[in-house]
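Note sheet for the following structure.
All residue numbers refer to positions in the sequence shown, counting from 1. Computed from a predicted model, the values in this text were never measured in an experiment.
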Amino acid sequence: MGPSGEQALQGAISTISQSDPLIKLLQQVRFGRMKPTDVGLCAVTESWLEIYENALSSEGLTQSDLRRLNPAPRLAVLIEVGVLTDDHPGVTSLKVSYDRALARAAGT
């Protein structure tokens, strides 16, 4: 048997937060200390996109849980400051994964 819904949600949030570029690096971009195209920031962001996508496939997440994990607001901030573009392959993939996860949760 998999983790409970609350355990799955907390685990996903924890996993996503550990690599979140908004928390650690976005202020550096806003203050001009780092460029949106900085290699380090790009590497962290690429990793975060993959981690986020994996977290969405965590067993036990409900539709309600997934709505709390919606990546759209965070992606919008990263796109707004120029770290990502709307047509970035990782952004597209994460959006598709989120939609699939929601559909999967609706079917359970």
Checking [X] now: which residues fulfil side chain to side chain contact (heavy atoms under 4.5 Å, CB included) with it, not counting sequence neighbours?
X: Gln63; answer: Arg67, Leu102, Ala105, Ala106
X: Arg33; answer: Gln28, Phe31
X: Asn70; answer: Ala72, Pro73, Tyr98

Atom pairs and distances, donor-acceptor, side-chain atoms in residues 34-45, under 3.5 Å, two or more places apart:
from	atom 1	to	atom 2	distance (Å)
Asp38	OD1	Gly40	N	2.9
Asp38	OD1	Leu41	N	3.3
Thr45	OG1	Leu41	O	2.7

field: Backbone of Ile13 reached by a side-chain donor or acceptor of Ser17 within 3.5 Å
entry: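 Yes.
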In Å, rounded to the nearest 0.5 Å, how long is the span from [atom1] of [X] to [atom2] of [Y]?
X: Leu61; Y: Glu6; atom1: CG; atom2: CD; value: 10.5 Å
X: Ser57; Y: Arg104; atom1: OG; atom2: CZ; value: 6.5 Å
X: Arg68; Y: Thr62; atom1: CZ; atom2: OG1; value: 9.0 Å
X: Leu94; Y: Ile51; atom1: CG; atom2: CD1; value: 12.0 Å
X: Gln18; Y: Ser47; atom1: CD; atom2: OG; value: 10.5 Å
X: Glu80; Y: Leu75; atom1: CD; atom2: CG; value: 12.5 Å

query: Are any non-hydrogen side-chain atoms of Thr15 and Asn54 less than 4.5 angstrom apart?
result: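 They are not in side-chain contact.
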query: Which residues pass the side chain to side chain donor-acceptor pair (under 3.5 Å) test with Ser97, sequence neighbours left out?
result: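 Checked Ser97 against side chain to side chain donor-acceptor pair (under 3.5 Å); matches are Glu53.
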query: Restricting to pairs with a member in residues 63-84, which pass ring pair (Phe, Tyr, Trp, His ring centres under 6.0 Å), not counting sequence neighbours?
result: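 Applying ring pair (Phe, Tyr, Trp, His ring centres under 6.0 Å) to every pair that reaches into residues 63-84, excluding sequence neighbours, yields nothing.
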All pairs passing ring pair (Phe, Tyr, Trp, His ring centres under 6.0 Å) where residues 39-59 contributes a residue, at least two apart: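 For residues 39-59: Trp48-Tyr52.
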field: Transitive ILVMFWY side-chain link Leu69 to Val77, under 4.5 Å
entry: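 Linked within one cluster.
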Can you give the donor-acceptor pairs under 3.5 Å from side chains of residues 82-91 to other protein atoms, not counting sequence neighbours?
from	atom 1	to	atom 2	distance (Å)
Thr85	OG1	Asp87	OD1	2.8
Thr85	OG1	His88	N	3.3
Asp86	OD1	Lys95	NZ	2.7
His88	ND1	Gly90	N	2.8
His88	NE2	Glu46	OE2	2.6

query: Taking all atoms of both residues into account, what is the closest heavy-atom pair of Leu56 and Ala101, and its distance?
result: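 Nearest pair, atom of Leu56 first, then Ala101: O-CB, 3.7 Å.
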